[in-house]
Structure formats: structure tokens, C-alpha cells
Amino acid sequence: MEFIALSSNSTLRFALLVMGFTATASQILIMRELLVTFHGNELFMGIILGNWLILEAVGSYSTRKRADYTKRHVNWFAILQITIGFSSLLSILFIRSFKFLFNIPTGEVLGIYYVAIISLIALAPVSMTDGALFPFGCRNFQTISEKKGASARVYLYESIGSFVAGMIFVFYLIYYLSSVELAFIILSLNLCSVIFYLTSAGKLKIIKNVAAGLMALIIISFSSSVPEWLHESSSKLLWYEYSLIDTRNSVYSNVAIIKNEDQYTFFANGAPYATTPVPAAQVEETAHFPMLFHERPEHILVVGGGAGGLLRELLKHPVKDIDYTEHDPLVIEGFRRFPTPLTEYELDHANVKIHLLEGRLFLRKASTMYDLILINLPIPSTLQINRYYTVEFFKLAKSRLKDRGIFAMRLPGSETFLSKELKELNRTFHASLRAIFPHVRIIAGEQNIFIASSDGAIKTVTDETLIERLHLRNISAGLINEWYLRYKMDSARFGEIEEDIASSDRKILNQDSYPRGVFEGMLFLNLVVSPYMVKILNVIDNIPYTYYILSIMVLLAVFLGLQQKIRQLFLTFAIASTGFTSMLISILLILYFQIYYGYVYHYIGILTSLFMLGSAIGAFFAMKRIKTSMTTVETGILFLTGFLYLFILSGPETNVSQLIIFGSMVTIGFLTGMEYPLAVSLADSSYRAVSSTAGRFYAFDLFGAFLGAILTAVVFIPTIGIKNTLLITMAIKSGSLLLVYMGRKTFSS
């Protein structure tokens, strides 16, 4: 066995910190790149995160025995660290080029199959290498320190590195550098780590010299602006069908701008956002129908998508002021950097007030009472957008409307036939609106415009009313005229579609804690690109949550029966169920923070970092051998899950609730970080095969987290809601606690 002559453990500790830093930093970068490619759908993000975790599990599990028995564990660790340094850069370049390589149209919405395969390929180099590094890190640390608890120390340093990466990226790096430049920094950090580590080892000069040579090339590339050139070239490849003139990242999104002759198209996270100076014709419908339904619209609120035509159409009416909320300053900055007469008129108009604030958060703080609140956002197929289509948001909007105020939004529709998926989508949101507003009108067409109010006057509005107001206000528009208004208000043409949507007696409403609209939006978008997956999702949708509870009880009974033969089964189940629970709770806490405090990328990054901080503290406690049993930790996780159920049931809306979310994130991280080393120490009390044991349990931890990510985002939240999801989690951890209690007795004997 190699002997590493170190006066201190500093270089290996630094290498382990870099390992954690690289994993989290790479995850942030790759997730953001995939977000742009796949339009930010949480269903897709659940698949991506699940792929990340399962690949890490494969990497850790497949190398666990080699890490214990090979004499070249230092070589392996150094080579793997160099590999993971390059992996982030290669993954980013692959994500930006795969559409070009496979001749996929740039604007095409990709189905679930594409998402699963492409993300699996893109993540494989980073995830599998990171998973493989863990058991080799345990072996190297045990060799150097010759102390017990090597896995706890490796887990501790990795968690600290992850925490640091999250905080640095959230508060600093993501502002100033592109993804490619950040990937070069990650590569440089790993190369430096390998050089320091191998220098202290005093051997392996070939690998060290290779790392030093690569580091020299990196320095030369930075001085020659190679990363900047590579970023620009790969970005153009991502938009290979268009003439890309600018692309930038903010802490909220990626904004890309393409130009075709004199026409600019703005994309936010890969989805079309606005076109100037000639906007789409549907902008006129979105603006004028709600405005004409109101007798005197003077004070208007627009949430999202105002610039690029909508504001101009609204300003044709005799309004006194328009509040326009846009949560990403980069969007407004893009309009300013590439101005057109249209956007200059809209953004500089004296009656328009731009608020760089998330719309729901703005409404919670606003004191103004409005005549019209207009939501101009895409189909609510993601949890983020769905926040503006829930019963709770409708209630908030109603509280900011005057007595005769109108709330308006739009959804996909059809002038001839509504498919089952499209019909259910419209019915859900109509029923949710009716739960808050007693009067709802639908202007049917290729886009259905929903007009809701507490004032029954909107029910008496006819085509003649709209035409009279159009003439009185002297409005001139390209699409909206007397004949078009008669056409759209013709009950003979569209009455049957309106009645079909409005006649449904829906019992399931779209709520913050039960985002039913996300599921139906996903079904609609995937109907063409992934019809087979739509069938699978429909089958899943018909499974009552009680069936999940019964399945858990059956599984627990089987495991209790096997416990006598497989003595460490309780440890494996505890680790996997804790990975599942920690991932599920993390996703739910991030979601609830989004719902009540706005989508602020800073805070989501902080929440993830707080989890890693808790993991580091938990690993530190376990490392110090503070007396804690597996039963105690399992009980703590169960109680935390129950507490969060009551917390979400109460509907948190105060500043204290924000602190509770932060504290819960640290707590679940702490319990997760503490349980892992305890399980390893119980399974391998001799510490003769610590790398194999640590790698095996690390793999099961990641596998449980994989199931938590996939089931939470894809199945549980959209189909059974957050509260029932937490009940299922409590059932799993109750079974885990029972299994640990019974297993410890068998194991001790």
C-alpha cells in the first residue's frame, strides 16, 4: 500500500473541499444550461435532477470495492479529479450543440424522451465521476489519518465545499461570468488541487506534470480570451438557425436576443417572450378585450410580458397609469440595449411605471386598487408560472381590485375543437376562477381570454357594447375592429365551446398546495411530442394516494420478514428513505418559498446551501462521536415531516414563516448528514472496508434522493398535492423507524 508522507492533512482536505465545490458548482451550471434548452419545465428538471442522482449512485456503487482493495488509490483519485474538472465544460458544450448535431429545430418543444436521454448523456461525465470520487476520498483519508470515521470526515468536507460553492455562485460569480468561464474556473481549481495533493504525496510525477501542463494551458487560454470566444461560439451553435446578437445570464434567467432583418425576438430561458417592433397579432386580443369589458379602465396592473406591444395597445385607452411588473431586470435591460420605436414608446411613456419585482410579491405589497389586473404569461406548465393561476393568487388579485374591477388572463384554445387535454386544462382554471370570482366570461378562440369580476355587469356586455366603447375611445388597431368584435362575440360560432368549458363541475381546483394546473399543462404540451408518456401520466393520475400508503405497508411487511436473513437491511432502508425524504422536503421548501416570497434565485441558492450547511454540521457531530442513535435521528426526521405538514396546512404568509423555512432546510440537512456516518459506523465497526461500505451507502442515499426528485416533481405534487405527499413521506419514515428499531435488536444480538 502506498504511504503518503504528509506533515498535515491539508492538501487532501483541500481536495475534498474542491470535490464538494465542483459537484455543486457543476450542478448549478449544467442545470441552468438545461433550463434554457428545455424551457424551465419542473417536470423536466425533476428528470434532470433524478438523472444526476442515479448516475452519482452508479459511480459510487461501481467503484466502492476497487477503492478498498487497489494499491493505486491515489492515482485513481487524482485522475478522477482531473476528469471531473473537464466534465463540466464538456457537458455545457454538448448541451449547446446537440440540437445542431441531431438537426433539431431550435424552437421545437422537446418531449420527455429527449429530455431524459439528452440530460443523461450531458450529466454522465460529471455525475458518475463525482460519485466515484467519494469512496476513493474515504480510502485516501483513512490511509493518511489512520483514524476511525473517515467517511464522516469526507462527508463533512464535501458538504462544506458544496455550501461554499452555492454561496459564491449565488452572490457573486453568476453575475459577472458566463457558464463557460465558470467551467474553466472549476477545471483550474481541480488541477491546482491535484498538483498540491500529489506534491505532498511525493510521488506520481507523471500525473502531476500532466496537471501542471494543463494548468499552464488554462492560464494561456484566459490571457488569450479563449473562454470568452468559446462561450460566444457555443451560444451561436445553440441558436444555429437564427442570427444571435446577444445572450446573457442573470440570477433569474437566461435572456437571448435574435435578429431577423429589423425584427428582434427576445427569449427568456429558451421560450419566446416578445417580438419587436411588429408584435404577434394575439397581443391586440389580450389587451383590448379586457379593457373594452370595463366601462372606465384607468388604473391597470400588467404582470409579465408587457413590453413588446401589449403596453402600447393598453395605452390606446384613456388610462391614467399602468403598473408593469417584470421580475428580471435583464429583460428590461435587453429592451433598452436593442431599442425599437415600439419599446421606447412603451418603456418611456409617462403613464407607465416599471417595477422590477416578482408579480405576486408586488401584489402582496401593493396598496393601489386597480380597475384591471392582466396576467400575460405562458401556459402554466411549470410550478413557477402556475403561481399566477391558483385560487390563492386569484384571491390576492381580487383584494386589489375595485368594486367593478376585472381580472383577465389567457390560455391556449381552439376555434373548432378542444382536445380532452386542452378541455381539462381550461376547465380547471375556469373552476378555480369561479371559486373566487362569481362572474366569469370566456372569449373563445386560438387563445381563450378569461375575464372575471365580482361585478355582474360583465355578463351583460355584448358585441354592441364593445363596439360602442371602441368608437368612443377612438381606438385604431390592426386586428380589433367592429367586424372582428362581432365575430369573436358570436355565440353561434363559439357559444358551444364556452358552455363546454363553463358547464363542468370541477371539484379539484388549482391551488398552491395542489398545483393541478401544472399536470394538465404538461399533458397538453406533451400531447404531440410524447403521446405515450401522456398515457402513462394519465394512468398515474388515476392512482389514489391511499394506494401509495398501502404499498408502503406491504413493502414494510416484506422487509420485516427479510430482516432476520439480511442483518443490515434496516440500515440500507434507513439511508435510502432518508435520501428520499431529504430531497422531497428540500423541493417542497423551495417550492413554498417560491409561492409565498417570489421566485428569487438568490434565496433558492441559499436554501440549497443551507441544506449543505446542515449536512456539514450533522457530519461534524457524527465525527465527534456525540452519542446519538439511528432511532433518534429517524424520529427527528419523522417529527420534522409532521411539523412541515402542519406548517403548510396553516398557509404560511409571515416573516416568521420565512425563518421556519430556512431553519427546516438546515434541520433536514443536519439529520441527513448525521445519519449517514452513523449507518457506516454500524455496518463496518471494524473499519476494514470503510470505502466499500461508505460507497455502498452513499449510492443508496443517492438512489433514494433520485426517487424523491422524480416522484415529487413528476408524480406526487401535480397529481395528489403537497399535503398528501407529506403524508406518504411520513408513512415511509414511520416504517423506516420501525425497521431500525427492530433491526437494531437483531443486529446487536
Trainee: Does the cation-pi check pass for R139 over F136, that is, NZ or CZ under 6.0 Å from the six-membered ring centre and within 45° of its axis?
Mentor: no
Trainee: Quick one: closest heavy-atom pair of L29 and L182, and the distance?
Mentor: CD2-CD1, 3.5 Å
Trainee: Strictly by modelled atom types, are S159 and S615 linked by a side-chain donor-acceptor pair under 3.5 Å?
Mentor: no
Trainee: H231 versus E181: any side-chain heavy-atom pair under 4.5 Å?
Mentor: no
Trainee: Any side-chain donor paired with an acceptor under 3.5 Å for T22 and N190?
Mentor: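 A pair is found: one side chain offers a donor N or O, the other an acceptor, under 3.5 Å apart.
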Trainee: Between Q81 and S193, is any side-chain donor less than 3.5 angstrom from a side-chain acceptor?
Mentor: yes
Trainee: Does any N or O in the side chain of T712 come within less than 3.5 Å of the main-chain N or O of G708, such that one atom is a donor and the other an acceptor?
Mentor: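 Answer holds: yes.
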Trainee: What is the ring orientation for Y698 with F134, classed by angle as parallel under 30°, tilted 30 to 60°, or perpendicular over 60°?
Mentor: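 Y698 and F134: parallel rings.
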Trainee: So, for Y264 and F335, is the gap between ring centers shorter than 6.0 Å?
Mentor: no
Trainee: Are S234 and V180 packed together at the side-chain level, in the sense that at least one heavy-atom pair is separated by less than 4.5 angstrom?
Mentor: yes
Trainee: If we ignore angles and hydrogens, is there a donor and acceptor under 3.5 Å between the side chains of T578 and E675?
Mentor: yes
Trainee: Look at R387 together with D512 and state whether they make a salt bridge at an N to O cut-off of under 4.0 Å.
Mentor: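 No.
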Trainee: Return yes if some donor-acceptor pair links the side-chain N/O of R64 with the main-chain N/O of Y61 below 3.5 Å, else return no.
Mentor: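 Yes; judged by distance alone, with no hydrogens or angles, the pair exists.
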Trainee: Is the shortest side-chain N to carboxylate O distance from R337 to E333 below 4.0 Å?
Mentor: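 Salt bridge flag = yes for E333 with R337.
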Trainee: Thinking salt bridges, do E241 and K99 make one under a 4.0 Å N-O criterion?
Mentor: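 Here E241 does not pair with K99 in a salt bridge, since their nearest N and O are not under 4.0 Å apart.
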Trainee: Taking the six-membered ring where the residue is Trp, are the ring centres of Y240 and F100 under 6.0 Å apart?
Mentor: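 Ring-ring flag for Y240/F100: true, centres closer than 6.0 Å.
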Trainee: S26 versus S87: any side-chain heavy-atom pair under 4.5 Å?
Mentor: no
Trainee: For a 4.5 angstrom cut-off between non-hydrogen side-chain atoms, does V194 reach K208?
Mentor: no
Trainee: Should the pair F141 and Y157 be assigned to parallel (<30°), tilted (30 to 60°) or perpendicular (>60°) ring geometry?
Mentor: tilted
Trainee: Evaluate the criterion ring-ring contact (aromatic ring centres under 6.0 Å, His included) for residue pair W52 and F706; output intermediate values, then yes/no.
Mentor: CA-CA 8 Å; W52 176 283; F706 156 75; over 10 Å; no
Trainee: For a 4.5 angstrom cut-off between non-hydrogen side-chain atoms, does Y273 reach T265?
Mentor: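 SC-SC contact between Y273 and T265 ruled out.
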Trainee: Any chance the side chains of S235 and R96 put a donor and an acceptor closer than 3.5 Å?
Mentor: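 Yes, R96 and S235 have a side-chain donor paired with an acceptor closer than 3.5 Å.
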Trainee: Just checking Y197 against F77, ring centres under 6.0 Å apart?
Mentor: yes
Trainee: Once you round to the nearest 0.5 Å, how far does OG1 of T83 lie from CE of M128?
Mentor: 12.0 Å
